[in-house]
Amino acid sequence: MNLNYPVISKALCALILIMCGAMTIPLLISMYYGEADATLAFTLAVIPIGIIIGAMYLIIPHSKPDLTIRDGFFIVTFSWIIAAFIGAVPFYFSGYFESFADAFFEATSGLSTTGNSIINDLEILPKGLLFWRCLMHWMGGMGILIFTIAVLPSLGKGANIIASLEAPGPTMDKITPKMSDTARNLYKMYAVLTLTLFIILKLLGMDVFDASTTALATISTGGFANYNASIAHFQSLPIELILVVFMVVSGVNFNLYFYAMRSKQGLIRLFKDEELRLYLGIIFIVSMLIGLNLCLSDVYTSLGRSMRYAFFQVASIITTTGFSTANFDIWPTFSKMLIFMLMFLGGCSSSTSGGIKVMRILIMMKLIKRTIKMRLHPNAIIKIKINDKTASIDTVSSVTNMLFLHMLLVFLCTLLVSLDGFDFLTSFSSVLTCIGNVGPGFNLVGPAMNFSLFSEPVKYLLSMLMIAGRLELYAFIIMFLPHFWLQDRS
Amino acid sequence: MAFNYRIIFKILSTVSLIIGFTMLIPCATAIYYSETQYVRIFLQLSFAIIIISSAVRHGITYAIKYIRLRDGSFIMVGTWILAALLGSLPYLISGYTDSFVDAFFESTAAFTTTGATVLNLDSMPHCLLMWRSVCSWLGGIGVLVLSISLIPALGLDGKTFVQSEGSAAFSDRISNKASETISYLWAAYIIFTLLELILLKFSAMNNFDVIINTLNSVSTSGIPSSSHAFHFYEDTYIEGVMTTFALLASVNFTLYFALIHGNWQALLHNIELRAFLIMVAISIVLVSLNLHFAAGYDIVTSLRYGIFQCSAMASTSSMAITGFEVWPAFSLTILLVLSMIGGCTFSTCSSIKVQRILIFLKLIIRGIYRRVHPRSVVAIKVGKKVISAQKASNTTAYILFYIFVIMMASIVLSLQNLSFETTLTTSVAMLTNSGMGLGETATGDFSMYNYPLRLVLCFLMFAGRLDLFTFTIVFMPSFWNPEKYRFHLQQ
């Protein structure tokens, strides 16, 4: 069966138009602050792309929006690559980036909510560009395509396929019968959270610009900050506490909030959810361990200070946000090792966070437990249950396959990245942090450093990894297999 | 259901009897090198162990002639811990080290073919070094296999036993009688040892070092850097011989059985062996190229280093080119992953094993295929053989558990506050029984860890050697009290 090219092109055009529309916001901000270079860069990007793609969108005829899963893979992967490409254009025109690779890396890091930067000095960047980075976080956080579906519900049935491919985590519940409604609801929730955080941050004394970008970057678990010192710039305990709360909240399965709002049973479900419990448990225990470790090994003088940094950093890493208030690269190895584990983990499924997701770890642990039991009692019949529902063999095997693919990719990409000649830890953690959409890594890519040291091919590779990680590997990897393309012939 | 204690103790006493007899070898060494205070100690220990264990062995009679799975696991774990305990006695009683933990670590490292050390091998008396090497050698063929070979003598059916032994399950059932297979394993192992002895004799090594290095390399345990080890000689011939035998020992030993029977086909068509050799060859090429271009070695040296280090890592022997820990990250990543994959099923290597990695790769491919064709049913095939769903799921759980244990162990080991790289690779080195990490532990010396953590290292070595699951089930409450959990499990 051939790919449904008319629908695919139409969807891609819609996406680009939305990117262009979004770009007008930073354009206006640049004009407001009187930043000539940034204004010019955004104008140069918005107007030509907008006109050409707008014309194409009108020219391409409407056809049946029947999409196969292959079309879905194609649309999802290419729209992310194209969106990153479009997002990089104003960066490149602004002249603050040395090469297009840098601009592309920054845009990908924005869209995939990774939040690792390539810029050595953020504070000289125009406000328009800073805002664009965080706006891309926000659009990418819930999925740019889900965003597109919410705005342009013309894809019909195909929307289900696309949404299920783009949504993070092993399950995408259909909350409402129509996917476009679900998407709209998700974005409503998302917008409400962002607005709430914005107001609170404003009340805590941030200026409007900082409050808005920080809110955008927090709810999307992105992690771009406007200052070189990240959140440490503000030196304010209330701001840090609020951010910890909102980061943790954004790392929770958004569907649970829906159920909780809709009925009392949903509220019970929220608190009984196994994944949520494990997630909160991990955050609490790991933060306490790191806090104690920091205090006992005299990194910080007081227990309070240690706990403050520990809780912030744990929340920031497990939700794959990547804000920092302290340089965890100089912490003792025990703390670093725990942070390293969290980089794998990520938040809950159907949240804005990246990583492997707690749900998969939960299933993995249950599988291991089951196998050990079966070893001892070969005739026992033991089911893997999540929230009192039996997980099917297909679910379990797709989870373990994803974990395996993750391991294999991390290994292969570490090899490729290490060709740049940096040490093992730098290469390994940069791959891990990109595939998990976390942000900072260790050593040369630690919280106080950035990714500008890599060569251009490696920057492209890491950009692709960020997209692959955001799309949970499969949709992206399949594009590179001959098998996918050869089907057109038969 | 209680354990079949009689048989368990019969086997354990046989194991200790063997250990008692092998203590005479270091005793002879002590006499030769006139290390007089050790002669007495080894003699006394040897006699004491022989007398007690043969008394126990003769005292036990049994009626029930089969062993269950749980008995099998008990014997496995019991044997290794008993061996490690007995093996630590010479170090302790001779007063060479005061601490029980050090002696136990040394003995565990030998019996699990890890080859790591916490003591100074340079100043160690000859007889203790010999004892270490003999333990490694015994560990290589497996104290376990020693006892399986005794099963016919005890009149047992070894089938249940072999199944629970589970070094990735017996994939080629060549012989129905485990005992027959095992006698051939023995033969192959001894032939390799003798061959390597003869080949190393032609080198510049002195006789003592020839024996030490042979015993340690044929068992894929390896030998940490010292004046007795091959490092001292800087000789390509020695390195070549040692790598060859380490590689030979990481091949599925049942293939040698087939070979003795003139079945070349089995050797040629064995997918696992082919994959293993291809894997090692590719690694050698990549590492050598990397060393040549990024580290600036000349082409011959980089090839020599590449061949040696890749083979050593793939066979999980702790044999290291001095200073390999500062090689480029590209090479180090390959080496680390090689040690995690390890050798073939039913070899002296531990680690994940190539067979499982093949299933791992097939599962990934199937996973991708099923994303495109969600309703398809695809069987997992390794070679021409279809892997059952049960086995695929066991393999999956095994690999995931392996990674999980490495991570948890790294967290515990990081309490020592060594560098990140050292900590992470230490847990890999211990669990895979390769015995050398990167960073500070690259020489195979783990004395920078404190006493409680050294016990954690021992624990990891046991877990790696005993196939992880076999080791883990001993810690399950239902292992010790299955009746109590029966109702619970049925739910």
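Numbered from 1 within each chain, the chains take letters A, B, ... in sequence-line order.
Using a 4.5 Å cut-off between heavy atoms, B/L468 does not touch chain A at all. Using a 4.5 Å cut-off between heavy atoms, B/L286 does not touch chain A at all. Heavy atoms closer than 4.5 Å to chain A are found in the side chain of B/L336, but not in its backbone.
The neighbour count for A/D388 CG, taken as heavy atoms of other residues, nucleotides or ligands under 6.0 Å away, does not exceed 12.
Looking only at atom types and distance, the side chain of B/N394 has no donor-acceptor partner in the side chain of A/T371 under 3.5 Å away.
Near-neighbour residues of residues 422-432 of chain A relative to chain B, defined by a heavy atom under 4.5 Å from a heavy atom of that chain, comprise A/F422, A/D423, A/F424, A/L425, A/S427, A/F428.
Of the listed residues (A/F344, A/F404, A/F340), the one with the most heavy-atom contacts under 4.5 Å to chain B is A/F404. Ranking A/M402, A/K369, A/M407 against chain B, the residue ahead of the rest is A/M407, based on heavy-atom pairs under 4.5 Å. With respect to chain B, the highest number of heavy-atom pairs below 4.5 Å among A/T414, A/L419, A/N443 belongs to A/L419.
With A/T333 contributing its side chain and B/L418 its backbone, the two residues share a donor-acceptor pair below 3.5 Å.
Taking both residues in full, the closest heavy atoms of A/M337 and B/S414 are given as CB-OG, 3.8 Å, listed atom of the first, atom of the second, then distance. The two atoms that bring A/L408 and B/F360 nearest to each other are CD1-CE2, 4.2 Å, heavy atoms only.
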